[in-house]
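Order of listing sets the numbers, starting from 1, for every ligand and every atom in it.
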Amino acid sequence: MTAVAVAGAGLTGASWAGLFAAAGLTVRLYDIDAQRLTPALAQARSAAGFLADHGLAAAVALDQGLPGLSAAADPAEAFSGVALVQECVPEDLAMKREVFSLADRLAPPDALIATSSSGLSISQIQTAARRPQRCLAAHPYNPPHLVPLVELAPGALTSVETLERARAFYTAVGKQPIVLRRDVPGYVANRLSAALWREAIELVRSGVATVEDVDRAVAFGPGLRWAAMGPHLIYDLGGGPGGIDAHLRHLARVKEHMLRDLATWTEFPPDVAAALAEGLAREKAGRDYDELVRERDELLAAYLKARRDLSS
Ligand SMILES: NC(=O)c1ccc[n+]([C@@H]2O[C@H](COP(=O)([O-])OP(=O)(O)OC[C@H]3O[C@@H](n4cnc5c(N)ncnc54)[C@H](O)[C@@H]3O)[C@@H](O)[C@H]2O)c1
């Protein structure tokens with residue numbers, strides 16, 4: 001049975017571990033702070049159980065994966081014999097490099113070493129390893145056990161074979177990998193999210209709409225369509241049978257008019273949190289963090305299940 005290690009047992013690491021266990025892999029969770037391991041194991045088990053309860057993981061794989069889910073405070077034990085190290089330590093270049101160097105020394109020479117980093121450069125991280133060609137970025141979307149996307153990005157020294165092996169591995173555990181041709185800040189999905197969020201903030205700051213209405217607009221409008229198909233295919237459909245050509249002939253001018261009016265700032269204005277606070281409180285309507293996470297996860301699971309049922 002394939003063994004994998006997750007380095008850094010925080011929010012992201014525990015969720016990755018749950019996903020890997022639900023796929024039937026042997027999983028070792030490692031953290032420099034041994035006190036993080038017990039709660040992280042519980043979170044990983046709960047994530048794996050959630051997937052099985054919602055029909056998103058095979059009970060048989062889970063039966064195999066759960067007994068193989070363990071914690072290791074010793075990196076030599078955590079990384080020995082694994083096929084992959086999924087690094088999930090805090091977003092700090094020196095810390096990431098330290099873990100890559102350690103994993104490179106302790107994991108088998110052909111193991112993949114992947115960073116979950118949201119914004120650091122894999123090119124700068126991988127030079128800490130003696131075999132940088134087997135290192136890559138595998139950026140998840142929170143929570144990794146539920147959101148299928150993983151963005152695979154090469155550093156300057158990553159081999160083509162590494163990207164292909166990574167694509168096969170993440171596909172096999174149920175992810176939807178995309179492969180970037182080169183490493184750019186924010187990969188694909190965070191760049192798209194950042195562009196949308198800047199405009200969402202500006203619509204509130206400039207008094208066009210409330211926080212709740214902007215969120216409702218995304219969740220029940222473009223976000224719903226984008227969950228079905230991405231923006232290119234959706235706009236192609238928006239042109240009718242004439243496709244994207246027809247769409248652009250019809251609507252390019254009006255979209256250009258909008259584009260000229262969009263926010264362009266590149267530093268968050270200091271009043272953003274304050275501008276959103278009141279609206280967020282209204283939108284939460286007394287629901288606490290745990291309740292909101294549960295609600296988000298139930299909706300995501302229902303959507304994923306519906307999509308799977310439809311395609312089978
Ligand atoms: N939180 C998110 O929504 C999210 C989404 C996608 C990617 N990521 C990325 O995942 C990574 C981890 O983020 P997080 O939110 O899970 O952080 P976190 O703070 O919840 O967890 C980090 C864990 O790493 C441990 N750690 C610190 N130094 C270590 C070391 N040298 N060796 C082993 N363990 C060590 C800490 O004790 C902690 O348990 C970051 O790079 C982040 O950009 C986070």
Do Trp16 and Tyr30 make the cut of ring centroids closer than 6.0 angstrom? no

Would you say the rings of Phe169 and Phe20 are close, in the sense that their centroids are separated by under 6.0 Å? yes

Does the ring-ring contact (aromatic ring centres under 6.0 Å, His included) test come out yes or no for Trp226 and Tyr235, once each step is laid out? CA-CA 10 Å; Trp226 289 331; Tyr235 280 137; 7.9 Å; no

Pairwise ring pair (Phe, Tyr, Trp, His ring centres under 6.0 Å) hits with a residue in residues 268-295, at least two apart: Trp197-Phe268, Trp265-Phe268

So if I only count non-hydrogen atoms and take anything under 4.0 Å from ligand 1, which residues does that give, chain by chain? Gly8, Ala9, Gly10, Leu11, Thr12, Tyr30, Asp31, Ile32, Asp33, Arg36, Cys88, Val89, Pro90, Glu91, Met95, Lys96, Val99, Ser116, Ser117, Ser118, His139, Pro140, Asn142

Could you tell me whether Glu164 and Arg167 have a side-chain N and a carboxylate O separated by less than 4.0 Å? yes

Out of the candidates Glu87, Arg97, Gln126, His139, only one should pair with Thr115 under the side-chain hydrogen bond (donor to acceptor under 3.5 Å, both in side chains) rule; please name it. Glu87

